[in-house]
Amino acid sequence: MEKAYDHTKYESKIYQLWELSNAFSPIVPKSKNERLLAKPFCIIMPPPNANDPLHIGHARFVAIEDILIRYHRMKGEVTLWLPGSDHAGIETQFVFEKKLKEQGKSRFDFDRDTLYKMIMEYVQTNTKTMHNQLRQLGASCDWSRHKFTLDPDIVQFVLNTFKKLYDEGYIYRGKRIVNYCPYCGTNFSELEVDYKETEDEIYYLNYGIINIATTRPETIFADVAVAVNPNDKKYSSLIGKIAVIPIIKREVPIIADVLVDPNFGTGALKITPAHSATDFDIGIKHKLPIISVLDDQGNMTNCPVEYLGLKANQARKKVVEDLETQGYLIKKELINHTVGHCYRCKGTIEPKVSEQWFVKIKELSQKAIKLIKDKEIVFPSRKYEKFAKNWLKNLRDWNISRQIVWGIQIPAFRCQKCLEWTITNGGTPQNCHFCKHDKFIQDQDTFDTWFSSGQWPYATLKTTNPGDFDFFYPTTIMNSSYDIIPFWIIRMIMLGFYETQKPPFKVVLVHGLVRDKHGIKISKSKGNVIDPIEMVEKYGSDALRMGLVWGANLDNDISLSEENIKGQRNFCNKLWNISRFVLATIPSKSIYKFQSSKPKTKNNSDKEILKKLANTVKKVTKLLDKYRLNEAAETIYSFIWKDFANDYLEKSKLRKVEAQPVLEYVLSISLKLAHPFMPFVTETIWQEMHKHSLEKNNLLINSSWPKD
RNA sequence: GGAUUUGUAGCUCAGCUGGUUAGAGCGCACGAUUCACAUUCGUGAGGUCGAUGGUUCGAGUCCAUCCAAAUCCACCA
């Protein structure tokens with residue numbers, strides 16, 4: 001063995017050794033009796049987006065899940081970690097369009113099929129990179145069961161669920177205000193809109209007998225009413241009377257609604273249902289018509305001819321000029337208010353009325369809440385349980401259509417004759433239910449990516465090996481960072497229970513984000529990005545993994561510094577050198593049987609270290625069962641470095657031959673304890689130890705978890 | 001406006017159901033050196049656990065109030 005541990009020499013070889021021995025692929029017991037005795041342990045990996053290399057956040061979840069997986073595998077449970085990748089709808093299409101733009105092209109240069117094929121190729125290349133990166137991180141997942149969200153069998157499940165939801169009355173098509181991005185050409189869910197404080201001009205306008213204030217004068221042509229608060233005394237005499245829209249001189253009613261804030265602007269609000277969410281709600285309540293003055297490209301329409309075709313901000317300028325010359329502009333002032341921006345392209349979101357597919361959420365979310373209340377789904381962290389329940393409680397109907405190509409096209413077919421919709425689970429229908437016509441056009445929209453990933457746990461297990469679903473479902477643990485609880489975790493609970501009448505997982509293990517060494521959020525613009533693969537190459541996978549669980553408990557965000565990773569690299573080297581010391585006196589050619597059971601001894605320092613070892617085993621086991629990975633890691637670190645190396649090993653130098661059995665025993669148990677955290681260095685040492693062993697295929701990964 | 005969380009050593013953070021002199025890593029100071037390891041070893045400095053009250057035999061831990069900070073959600077004409 002060399003003087004220092006050089007991870008670059010061993011890591012990829014060790015991973016190959018595991019993969020070739022099928023160590024990651026569980027064998028589901030065939031007979032009923034065997035199955036009753038076997039204990040399943042299953043984690044479905046949150047499928048990384050197939051559009052970019054892995055970032056440090058992925059590395060954290062890989063570390064966490066791999067630690068748990070290896071621990072349970074060593075405990076003898078039938079352990080499956082199922083890897084996957086996510087087509088990640090809008091995200092991926094956006095990343096891809098950025099690449100197109102670099103080549104001076106756009107999505108409008110291609111037809112639907114071509115664009116889809118191009119993105120698919122791009123995604124497949126990325127997926128390969130991602131898989132190799134997962135290998136570099138040491139992920140002991142079962143590659144033979146890998147699934148992709150656009151695998152045909154997965155897609156079929158998603159289509160079936162949509163059809164079932166439709167048949168059972170959970171799906172409807174409705175007019176709603178959606179967050180439309182004219183640049184991206186699609187709408188976004190509420191969660192995908194960033195609200196930013198913006199300084200804008202607000203214009204006070206004369207509407208005949210009443211004055212209003214607005215930041216969007218270009219939409220006055222879409223006004224259908226003026227509303228005041230019913231308790232606002234200064235306007236009570238005007239309710240029911242008529243206001244007049246400037247320039248076009250259209251008469252609209254003055255109505256009363258509690259949603260109007262009497263202290264804002266003039267206390268009177270122009271109602272524009274097509275371009276504002278609040279106005280839309282008020283419009284529905286008062287049965288007002290909807291007039292839209294902006295088309296899908298964000299150009300003016302349904303307005304006087306001089307504004308036709310202008311962009312909203314151009315139109316605004318011109319309208320304001322005209323209002324001023326015609327004497328309708330009373331005053332303008334600057335205000336700070338929040339405006340929705342597209343989280344992808346950062347452009348202004350245009351609230352827009354459009355027809356979308358919705359899932360009725362109430363019943364589904366109530367059942368999900370009940371599963372959590374009944375502890376059928378357990379959140380070890382109280383705060384994230386509250387977070388998830390709170391989200392479920394406040395969910396609104398779920399808009400699942402997106403106006404993009406990259407995704408699963410919605411199986412909704414519109415009859416060309418009567419324009420009614422027919423829903424299938426994939427194929428074009430034979431005849432229209434309503435008029436018997438046989439020509440259809442399929443909806444161009446695709447599903448929200450979370451609608452398909454929300455079905456991930458059962459869709460994957462039902463499409464891998466026969467028997468997987470029965471044995472592994474409900475899965476044991478779902479692990480994710482807290483930021484995708486609203487998008488993903490709660491959707492999986494709702495759809496999983498809807499489809500299987502069982503929770504999709506028993507435990508939701510939520511972890512925090514990775515931050516830089518000062519606790520600052522990592523972002524490209526701040527330049528504090530930590531590339532996991534760079535760290536692996538520099539310090540080794542084991543060091544990075546330890547760094548990612550070290551120092552902060554799972555719930556909280558973790559501050560990761562290169563110094564910390566370096567310190568863990570030093571720990572790997574410490575373990576390496578302990579082994580070098582222990583193995584130094586072993587004859588190198590003959591067959592050697594290592595001390596694998598607890599040695600009998602009368603020596604006091606022997607007894608002391610054996611006792612400390614037993615306590616450490618007990619403590620680490622308990623901590624791992626409670627998901628307190630940071631404390632477990634620290635316990636192992638401190639035992640190996642302080643108790644074993646600095647204390648016992650130093651003392652043993654005077655009596656090396658006599659102490660040899662204890663040294664061997666403590667080393668082998670230490671390797672087992674450390675293996676889930678630092679799989680590469682521990683396996684490398686194990687292989688070194690068993691070079692001349694009689695047992696074939698003696699892999700640490702397959703060994704058993706220590707008991708005392 | 002609603003919800004959640006945090007405040008412990010210079011920095012980043014552990015400390016689970018309350019129980020001796022409050023811990024780790026990094027950093028800092030001093031010292032050691034052909035020893036398995038300089039990716040090392042030894043010694044040490046450094047904290048009235050955000051503040052004030054309360055419960056208790058006993059509070060970093062539980063309760064109340066206050067101060068400071070963070071995150072998420074809603075609204076903004």
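In what follows, every chain begins at residue 1, and chains take the letters A, B, ... in the order their sequences are listed.
- Out of U39(B), C37(B), G42(B), the shortest distance to the side chain of Asn577(A) is found at C37(B).
- Closest to the side chain of Phe387(A), out of C72(B), A77(B), U12(B), is C72(B).
- Applying the side chain to side chain donor-acceptor pair (under 3.5 Å) criterion to Lys9(A), with sequence neighbours excluded, gives Glu2(A).
- For the salt bridge (charged side-chain N to carboxylate O under 4.0 Å, His left out) condition, the pairs that include at least one residue of residues 559-574 of chain A, sequence neighbours left out, are Lys517(A)-Glu563(A), Lys538(A)-Glu562(A).
- Applying the ring pair (Phe, Tyr, Trp, His ring centres under 6.0 Å) criterion to Phe221(A), with sequence neighbours excluded, gives Tyr307(A).
- Not counting sequence neighbours, Arg250(A) has no partner by the side chain to side chain donor-acceptor pair (under 3.5 Å) test.
- Of the residues in residues 223-235 of chain A, none lies under 4.0 Å from RNA chain B by heavy-atom distance.
- When the side-chain nitrogen and oxygen atoms of Arg569(A) are compared with OP1 and OP2 of U39(B), none of them lie within a distance under 4.0 Å.
- Scored by the side chain to side chain donor-acceptor pair (under 3.5 Å) test, Asn479(A) finds His511(A) as partners (sequence neighbours excluded).
- Heavy atoms of Ile558(A) sit nowhere under 4.0 angstrom from any nucleic acid atom.
- Residue pairs meeting the salt bridge (charged side-chain N to carboxylate O under 4.0 Å, His left out) criterion with at least one partner in residues 219-230 of chain A, sequence neighbours excluded, are Asp223(A)-Lys270(A).
- Glu199(A) is linked by a side chain to side chain donor-acceptor pair (under 3.5 Å) to nothing, counting only residues two or more places apart in sequence or in another chain.
- Residues in residues 657-669 of chain A take part in these salt bridge (charged side-chain N to carboxylate O under 4.0 Å, His left out) pairs, two or more places apart or across chains: Arg655(A)-Glu658(A).
- Looking at RNA chain B, the stems built from 3 or more consecutive Watson-Crick or G-U wobble pairs, each pair with its key distances under 3.5 Å, are B:1-7 with B:67-73, B:10-13 with B:23-26, B:28-32 with B:40-44, B:50-54 with B:62-66.
- Taking only side-chain atoms of Trp641(A), from C-beta outward, the nucleotide of A14(B), A36(B), C41(B) with the closest atom is C41(B).
- Ring centroids of Tyr384(A) and Phe379(A) are separated by 6.0 Å or more, keeping the two rings apart.
- Residues passing the salt bridge (Lys or Arg N to Asp or Glu O under 4.0 Å) test with Arg216(A) are Glu218(A), Glu350(A), sequence neighbours excluded.
- Within the 4.0 angstrom heavy-atom criterion, base atoms lie near Ala213(A).
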Subject >> Contact pattern, 5' to 3', of nucleotides 16-26 of chain B - B, S or - by protein heavy atom under 4.0 Å >> reply: B-------SS-
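- Within 3.5 Å, no donor on the side chain of Lys3(A) pairs with an acceptor on the base of A36(B), nor the reverse.
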